[in-house]
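In this chain, residues are counted from 1 in sequence order.
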Amino acid sequence: MKKMAKTILITGSTDGIGLLAAKMLAEDGHRILIHGRSEEKLANARASINGDVEGYLADLSSLEDVAALAETIRTRQEKLDILINNAGIFKTPKPILSNDQDVRFVVNTLAPYHLTKALLPIMPEDGRILNLSSAAQAPVNIDALKGAVKLDDMGAYAQSKLAITIWSEALSKDLPNGPIVIAVNPGSLLASKMVREGFGVAGNDLGIGADILCRLALDDTFADKSGQYWDNDSGRFSKPHQAAQDPAHVSAVMAAIQEMTGL
């Protein structure tokens with residue numbers, strides 16, 4: 001028997017893994033909310049998806065935009081079953097924003113935290129939150145997270161990805177009845193725009209990443225895995241960077257995220 005259709009929001013879904021996952025989930029009969037920061041790319045993505053799809057425009061490097069996006073979704077949707085925080089940045093010509101914050105920390109860590117917290121009121125207990133992590137993880141420099149210290153591209157990216165992994169587990173503990181929260185490395189060096197521009201390689205099949213997002217979003221196998229980290233390179237749940245096991249580090253990261261987002 002076919003399962004009931006879910007309403008699923010995927011950030012950063014105008015290309016790459018996000019768009020492919022949106023297409024796969026729409027083909028399966030689910031209602032898809034795609035997000036992008038370009039009207040043109042959003043329109044093109046909507047046109048390429050065969051199914052029930054809505055588009056939402058927002059610049060995730062602005063937490064004001066994130067708050068507005070959440071408000072719009074809460075106004076238009078009675079319920080959000082699944083949130084996939086897929087949007088991410090690695091290399092960019094202007095990594096430092098006008099407020100001195102590093103765009104990698106804002107888009108990869110702070111924006112998804114802010115969005116998730118703002119959308120929790122319309123998410124059911126059996127809902128799911130998937131946060132895109134990475135095999136690239138490094139201990140978080142709290143001053144860099146706050147914008148007081150500048151990092152190179154890989155440093156900022158790897159630290160931002162450990163930070164989202166840390167807050168995924170922390171949030172899961174605040175939601176003992178659900179929705180579940182899972183951090184996921186969808187696979188290293190997949191054929192995304194980020195990989196092409198950041199590493200200069202074509203990359204591996206995007207389907208590797210899109211498929212695991214669909215499975216984690218819907219498969220009953222993962223219904224009791226909240227707070228865990230899925231490493232798709234090894235095809236199993238595993239431990240993230242050891243800094244995520246350090247209570248003092250986790251506490252410092254969470255305090256900084258809550259301070260930066262005002263939550």
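Considering only residues two or more places apart in sequence or on other chains, Arg215 meets the side-chain hydrogen bond (donor to acceptor under 3.5 Å, both in side chains) condition with none of them. Legend: residues meeting side-chain hydrogen bond (donor to acceptor under 3.5 Å, both in side chains) with Asp59, ordered by chain and number and at least two apart, are Ser61. Shown here are the side-chain hydrogen bond (donor to acceptor under 3.5 Å, both in side chains) partners of Asp153, two or more places apart in sequence or in another chain: Arg104. When the side-chain contact (heavy atoms from CB on, under 4.5 Å) test is applied to Glu125, the partners found at least two apart in sequence or on another chain are Asn177. Looking at residues two or more places apart in sequence or on another chain, you find no side-chain hydrogen bond (donor to acceptor under 3.5 Å, both in side chains) involving Thr11. Not a single side-chain contact (heavy atoms from CB on, under 4.5 Å) links Lys94 to another residue, sequence neighbours left out. In this structure, the side-chain contact (heavy atoms from CB on, under 4.5 Å) partners of Ser62, at least two apart in sequence or on a different chain, are Glu64, Asp65. Scored by the side-chain contact (heavy atoms from CB on, under 4.5 Å) test, Ala67 finds His114 as partners (sequence neighbours excluded).
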Original post:
Going through the checks in order, is the side chain to side chain contact (heavy atoms under 4.5 Å, CB included) test met by Thr109 and Val140?
Top reply: CA-CA 11 Å; Thr109 305; Val140 182; over 6 Å; no

Subject >> Ile142 vs Val253, side chain to side chain contact (heavy atoms under 4.5 Å, CB included): CA-CA, chis, key distance, verdict >> reply: CA-CA 7 Å; Ile142 302 301; Val253 170; 3.9 Å; yes

Subject >> His30/Ile32 under side chain to side chain contact (heavy atoms under 4.5 Å, CB included): CA gap, chis, key distance, verdict >> reply: CA-CA 6 Å; His30 300 287; Ile32 309 301; 4.1 Å; yes

Original post:
What do the steps show when you test Ile257 against Leu145 for side chain to side chain contact (heavy atoms under 4.5 Å, CB included), and what is the final call?
Top reply: CA-CA 8 Å; Ile257 289 172; Leu145 174 55; 4.2 Å; yes

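Atom CD1 of Ile164 sits about 11.0 Å away from atom OG of Ser134, to the nearest 0.5 Å. Atom-to-atom distance recorded for Ile34:CD1 and Ile84:CD1 is 13.0 Å, nearest 0.5 angstrom. Thr7 contributes atom OG1, which lies 11.0 Å from atom CD1 of Ile73 (distance to the nearest 0.5 angstrom). Atoms CG and OG, on Leu19 and Ser48 in that order, are 4.5 Å from each other to the nearest 0.5 Å. Atom CD1 of Ile8 is separated from atom CG of Asp52 by 11.0 Å, given to the nearest 0.5 angstrom. To the nearest 0.5 Å, atoms CD (Gln101) and CE (Met260) are separated by 3.5 Å.
Judged purely by atom type and a 3.5 angstrom limit, Asp102 has no side-chain atom pairing as donor or acceptor with the backbone of Ala144. When atom types are taken as modelled, the side chain of Gln159 and the backbone of Asn141 share a donor-acceptor pair closer than 3.5 angstrom. Judged by distance alone, with hydrogens and angles left aside, the side-chain atoms of Gln137 form a donor-acceptor pair with the main-chain N or O of His241 at under 3.5 Å. A donor-acceptor contact shorter than 3.5 Å links the side chain of His35 to the backbone of Ala58. Side chain of Ser251 to backbone of Pro247: no donor-acceptor contact under 3.5 angstrom is found.
Shown here for Pro179 and Arg128, the closest heavy-atom pair between the two residues is CB-N, 4.0 Å. Considering all non-hydrogen atoms of both residues, Arg74 and Leu119 come closest at CG-CD2, 4.0 Å. Shortest non-hydrogen contact noted between Asn86 and Gly18 is ND2-CA, 3.5 Å. Between Ala138 and Leu162, the shortest heavy-atom contact is O-CD2, 3.2 Å. Nearest heavy-atom pair across Ala45 and Thr14 is CB-CA, 3.9 Å. Contact between Leu110 and Thr261 at its shortest, heavy atoms only, is O-CG2, 3.8 Å.
Judged as a salt bridge (charged side-chain N to carboxylate O under 4.0 Å, His left out), not a single pair has a partner in residues 245-254 (not counting sequence neighbours). Evaluation of the ring-ring contact (aromatic ring centres under 6.0 Å, His included) test over residues 167-187, restricted to residues two or more places apart or in two chains, returns Tyr113-Trp167. Legend: salt bridge (charged side-chain N to carboxylate O under 4.0 Å, His left out) pairs involving residues 134-151, not counting sequence neighbours, sorted by first then second residue: Lys146-Glu259. Screening residues 166-184 for salt bridge (charged side-chain N to carboxylate O under 4.0 Å, His left out) gives Glu169-Lys173 as the qualifying pairs, with residues at least two apart or on separate chains.
Two residues are said to be in side-chain contact when any heavy atoms from C-beta on lie closer than 4.5 Å; Lys117 and Leu171 meet this criterion. In this structure, Asn232 and Ile208 have side chains that are in contact, with non-hydrogen atoms separated by less than 4.5 Å. Using a 4.5 Å heavy-atom cutoff, the side chains of Leu130 and Trp230 are not in contact. You'll find the side chain of Leu132 reaches within 4.5 Å of the side chain of Leu213, heavy atoms only. The closest side-chain heavy-atom distance from Leu218 to Asp28 is below 4.5 Å. Here the side chains of Arg31 and Gln77 are in contact, with some heavy-atom distance below 4.5 Å. Taking the side chain as every heavy atom from C-beta outward, Asp81 and Pro124 approach each other to under 4.5 Å. For the pair Phe222 and Val184, the minimum side-chain heavy-atom distance is 4.5 Å or more.
Cluster annotation: Tyr157 and Ile96 are assigned to distinct hydrophobic clusters (Ile/Leu/Val/Met/Phe/Trp/Tyr, side-chain heavy-atom contacts under 4.5 Å, transitive). Each of Leu216 and Tyr229 belongs to its own hydrophobic cluster when Ile, Leu, Val, Met, Phe, Trp and Tyr are linked at side-chain heavy-atom distances under 4.5 angstrom.
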